[in-house]
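Read the structure below first, then the notes.
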Amino acid sequence: IEELRMLSNYQLSNRALLQSYLIGQPELRAKLRLPAMEPFRQRVIASCHLGPLDLADVRGYIEHRLRHVGWKDNPRLDDGVFESVYRHTDGIPRRINVLMSRMLLDAVMNGRQQITSEQIERLAAELRDEDRAPPPNCVTLSTRSGGFVTQNGRASRFSLRSSAVL
């Protein structure tokens, strides 16, 4: 960010040569609030913070992204899916994307034509468990029926099919 601030000093005929748009996650906002960032903040002429989506917006967001890639209601999403997604993601788009990507992968791998809130609950639980997964020095072996994650001689079963991490 310091380099960007320095670049913003360059001008030609009293006009800035560089205009920047910063887009980031909440951590960027926190970093920009640090006292050392005051010179950079002085150059900011506008800012906007996008908060979490509400339930109606979550539904619209999911349907829009699916339609954008050619979705024609297959797999079909039960109405309860949107509430489950909202509850597990707090309406945060990047979390919605992760959960919905997992949902689509699960639907393809299992030939699902319909997605239910129960499936979202299961997938959300898998994602929570993965957040508590062992460090990256593990080895994953997989088969069509699941696999094992091994680390330090201990093995744990996982349920996502056709996955490989080395």
Asp106 versus Met109: any side-chain heavy-atom pair under 4.5 Å? no

Enter the distance from Ser47:OG to Arg41:CZ here, rounded to the nearest 0.5 Å. 11.0 Å

Output yes when a side-chain donor or acceptor of Asp54 lies under 3.5 Å from a complementary backbone atom of Ala56, and no otherwise. yes

State yes or no: do Leu55 and Ile92 share one hydrophobic cluster built from I, L, V, M, F, W and Y residues joined by side-chain heavy-atom distances below 4.5 Å, directly or via other members? no

Decide yes or no for Leu34 and Lys31: does some side-chain heavy atom of the first lie under 4.5 Å from some side-chain heavy atom of the second? yes

CG (Leu105) and CG (Asn110) are apart, to the nearest 0.5 Å, by 9.0 Å

To the nearest 0.5 Å, what is the distance between CZ (Arg95) and OH (Tyr86)? 12.0 Å

Pairing of Glu126 and Arg122 as salt bridge, 4.0 angstrom limit: yes

Between CZ on residue Arg76 and CD1 on residue Ile115, distance to nearest 0.5 Å: 11.0 Å

Are Met100 and Trp71 linked, directly or through other ILVMFWY residues, by side chains that come within less than 4.5 angstrom of each other? yes

If you apply the rule salt bridge (charged side-chain N to carboxylate O under 4.0 Å, His left out), what do you find for Asp57 with Arg59, and how did you get there? CA-CA 5 Å; Asp57 288 337; Arg59 182 181 192 126; over 6 Å; no

Flag the pair Ile120 / Arg87 as yes when at least one side-chain heavy-atom distance between them is below 4.5 Å, and no otherwise. no

Hey, could you give me the CG/CD1 distance between Leu99 and Ile62, rounded to the nearest 0.5 Å? 8.0 Å

Distance (rounded to the nearest 0.5 Å) between Gln114 CD and Asp73 CG: 9.5 Å

If you compare all heavy atoms of Arg112 against all heavy atoms of Pro75, which two are closest, and at what distance to 0.1 Å? O-CB, 3.8 Å

Is there a donor-acceptor pair closer than 3.5 Å between any side-chain N or O of Glu38 and the backbone N or O of Pro35? no

Is it the case that one hydrophobic cluster holds both Met37 and Ile23, taking links as side-chain heavy atoms less than 4.5 Å apart, direct or via other members? no

Side chains of Leu53 and Pro93: does their closest heavy-atom pair fall under 4.5 Å? yes

Following the transitive rule for hydrophobic clusters with a side-chain heavy-atom cut-off under 4.5 Å over Ile, Leu, Val, Met, Phe, Trp and Tyr, establish whether Leu123 and Leu104 coincide in one cluster. yes

Check whether any side-chain heavy atom of Phe82 lies under 4.5 Å from a side-chain heavy atom of Leu77, and answer yes or no. yes

May I ask whether Val108 and Val81 are part of the same hydrophobic cluster, defined by side-chain heavy atoms of I, L, V, M, F, W, Y residues being less than 4.5 angstrom apart, directly or through others? no

